[in-house]
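The block underneath contains the structure these notes are about, expressed in structure tokens.
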Amino acid sequence: MKKSIMVFLILFYIIIPAQVLAKKEIPILVYHFIDEYKGIGSKELYVTPESFEEQVRYLRDQGYTLLTFEQWEDIHKVEKPIFITFDDGYKNNLNAYEIYQKLQTPYFKPRGTIFVISDFIGWANRLSEEEMKMLSDSGLISIQSHTATHPDLTKLEVLENELADSKAKIQAITKKPVIALAYPYGNFNSKIVEETKKYYKFGLTTTPTLYKETGLKDELYLLPRIYVKYSTTLDEFAGLLKK
Ligand SMILES: [Zn+2]
């Protein structure tokens, strides 16, 4: 009797979590500006600091674990993993960092990944080298690559400058490995995936779905991401996580 219970328990712990894990769908969100919209540029690329704070607070309340790509293996260890990413390296991403600091508790470490365009570092509206280093050293923000000049990679013959040089430049600033690339405009093809593999462990698209592990070749270079927009309400935000 006892033996059969033991066998049952062993099978339960081996088989059931494997099934649960196989079905796990992971949101990878993408933001651009974390700022008030002041009438310049595309409004939907903005999320106000108030909305962003409300969204991160919601993730905290709902028991999500915010991860960066260095922690990829943790998707199997935590119950509700999520990745927050920011494209283009805008200076106003410092607002997100401030909100992270404010919402941090001993039990909740808000993390995120900023994909910077390496040739734009230090421009008036972009993060400076010092800011990148400070964010990276905080342990809350990982700085990764969004290429050197933000071209449509599918239109380029030679990709080395965009992929290798941007990685080297960012690593020289943060002194940490750059392992992830966000494709500009989310555009990619098989040649770009092959080139990206030479320098990075992850490639991020803007295919708007949740990530679900399939075991298929190249899936880590085709990671989907869901946009959070200016008009996204908290209810809609909650819906995006389960889409
Ligand atoms: Zn971009």
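Each ligand, and each atom within it, is numbered from 1 in the order the structure gives.
Residues L140 and F86 fall within the same hydrophobic cluster, defined by Ile, Leu, Val, Met, Phe, Trp and Tyr side chains chained together at heavy-atom separations under 4.5 Å.
The aromatic rings of H146 and H150 sit perpendicular to each other, their planes meeting at more than 60°, with 30° as the lower class boundary.
Ion pairing of E54 with R57 is absent here, as no side-chain N (NZ or NE/NH1/NH2) approaches a carboxylate O to less than 4.0 Å. For the pair E194 and K191, the salt-bridge criterion is not met [side-chain N within less than 4.0 Å of a carboxylate O]. Using a 4.0 Å cut-off between charged side-chain N and carboxylate O, D165 and K169 make no salt bridge.
Within the protein, the N, O or S atoms sitting under 2.8 Å from the Zn ion (ligand 1) are D88 OD1, H146 NE2, H150 NE2.
Proximity of the aromatic rings of F83 and F202 is defined here by a centroid distance below 6.0 angstrom, and this criterion is not met.
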